[in-house]
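Here the structure comes first, spelled out in structure tokens, and everything after it is commentary.
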Amino acid sequence: MPSENLLTWYSEHGRDLPWRRISDPYAVWVSEIMLQQTRVDTVHPYYKRFMARFPNAAALAEAPLEEVLLMWEGLGYYARARNLHRAARIIVERYDGQLPQSEQELNALPGIGRYTADALRAIAFDQNTLALEGNLRRVLTRLFDLHLDPRRPEVERELRRRGMSILPRGRASEFNQALMDLGALICTPRSPACHACPLAADCLALRNGTQEQLPFRQPKRPPPLRHAVAAVLHENDNFLITRRPEDGLLGGLWGFPGGFIEDGESNRLALIRVLKEQLGLKVDIINPLPPLGHAYTHFRVNLQPFACRGRLSGLRDRGDMRWVKAEDLDSVPMGRLDRMLARVVERTLHD
DNA sequence: CACGCGTGGTA
DNA sequence: TTACCAAGCGT
């Protein structure tokens, strides 16, 4: 039975991770959300800070969303933080602060999909489910030498069947995490360390010499480059920042007002247009600040910031607009690009 | 169901 | 440096 070798390997070589040290469903939940499309090394410091500040669902539910987003800043995919916060409030109101254990109830919570519900059931509640994610897809695809696109629904079902067929009943928690560690440490996307793999004797891809070319991949187009402008508006030591809509790119985060340049439009005209749209404000551009670049998943952006002046006295604080002092910019959740600009602002002001 | 959603690490 | 990736989810 291949799973015996796997579980033995896991007990000796499995990673010692903070969310594995305690058996608290809330801790497993937070870790699972943070780990979505995010590496363990990246999550580690975020997880520790988050758990120290929000040790349970009640603490998370009581906190304002903005503080949760601030703790999340830099992790990316901020819908995860918004959904985590929403779900915490539901858990407090509907489930007395404890995560539900059924597949249906878990899946109904915002931010918990098929994988996370299965992972919680297996890891936190010892139910015999397969938590099929990226590592398991790769490992199982190679183990069974399936030259198929694992994202196709019928292939997904086949992987689930195959995985369940080797899942040792009663040990789903270890089994799933063992496969994840195997995928992260041994059965890596490129150059897998098959010589050290506890499943080497059972691996059909290794037997056929196809492990390097699995799983099947689809070529992607390079992301386009987009141009953007932003305005640094200030009166004395107060800077104007705006809050992005709850949905979409960097939803709910704060930043400097601005937007994308349309085709054939100049930097300055774009900025004037965007500020009129967003703030109803006519501004004078004083001088350009150093341009900043950043790569998102679907596009790269080149941002040209400008220091601006305008009739700012009419702009009062409101839900999506706020004046903050330079030294308080750090207490406001921002995306990477706005954070870089905030650093420039702080540094410029310091000189 | 294909697409949008962030960021930092690695070859 | 560019390209590709890394414990998915919601719409």
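First the proteins, then the strands, lettered A, B, ... as listed; each starts at 1.
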Nearest-0.5 Å distance, [atom1] of residue [X] to [atom2] of residue [Y]:
{"X": "A:E103", "Y": "A:R114", "atom1": "CD", "atom2": "CZ", "answer": "6.5 Å"}
{"X": "A:L253", "Y": "A:I241", "atom1": "CG", "atom2": "CD1", "answer": "11.0 Å"}
{"X": "A:T116", "Y": "A:E133", "atom1": "OG1", "atom2": "CD", "answer": "10.0 Å"}

Expressed in angstrom and rounded to an integer, what is the separation of [X] atom [atom1] from [N] atom [atom2]?
{"X": "A:L179", "N": "C:dA7", "atom1": "CG", "atom2": "C1'", "result": "12 Å"}
{"X": "A:R300", "N": "C:dT2", "atom1": "CZ", "atom2": "P", "result": "7 Å"}
{"X": "A:Y77", "N": "C:dC5", "atom1": "OH", "atom2": "P", "result": "13 Å"}
{"X": "A:N83", "N": "C:dC9", "atom1": "CG", "atom2": "P", "result": "11 Å"}
{"X": "A:L75", "N": "C:dG8", "atom1": "CG", "atom2": "C1'", "result": "14 Å"}
{"X": "A:Q177", "N": "C:dA7", "atom1": "CD", "atom2": "C1'", "result": "10 Å"}

Decide, yes or no, whether a salt bridge links [X] with [Y] under the criterion of side-chain N to carboxylate O below 4.0 Å.
{"X": "A:E154", "Y": "A:R152", "answer": "yes"}
{"X": "A:D118", "Y": "A:R121", "answer": "yes"}
{"X": "A:R137", "Y": "A:D149", "answer": "no"}

Measure from the side-chain N and O atoms of [X] to the backbone N and O of [Y], and report whether any donor-acceptor pair falls under 3.5 Å.
{"X": "A:Q98", "Y": "A:I91", "result": "no"}
{"X": "A:N56", "Y": "A:A58", "result": "yes"}
{"X": "A:R309", "Y": "A:D284", "result": "no"}
{"X": "A:R336", "Y": "A:G76", "result": "no"}

At 4.0 Å (heavy atoms only), tell me whether [X] reaches a base, stays on the sugar-phosphate, or touches nothing.
{"X": "A:G183", "answer": "nothing"}
{"X": "A:A295", "answer": "base"}
{"X": "A:W72", "answer": "nothing"}
{"X": "A:T297", "answer": "base"}
{"X": "A:R39", "answer": "base"}
{"X": "A:L253", "answer": "nothing"}
{"X": "A:L250", "answer": "sugar-phosphate"}

**Pair A:F256 + A:F306: ring centers closer than 6.0 Å** = no
**Item:** Near-strand residues of residues 24-38 of chain A, defined as heavy-atom separation under 4.0 angstrom from DNA chain B
**Value:** A:Q37, A:T38
**Prompt:** Of all nucleotides in DNA chain B with an atom under 4.0 Å from a non-hydrogen atom of chain A, which is the first and which the last going 5' to 3'?
**Reply:** B:dG4 to B:dG9
**Distance-only donor-acceptor test (3.5 Å): side chain A:R15, base C:dA7** = yes
**Stems involving DNA chain B, each a run of at least 3 consecutive Watson-Crick or G-U pairs under 3.5 Å** = B:2-5 with C:8-11, B:7-11 with C:2-6
**Request:** For A:F299 and for A:D41, locate the closest nucleotide of DNA chain B by heavy-atom distance; then report the residue assigned to the nucleotide nearer the 5' terminus.
**Result:** A:F299
**Ring geometry between A:H294 and A:Y296 (parallel below 30°, tilted from 30 to 60°, perpendicular above 60°)** = perpendicular
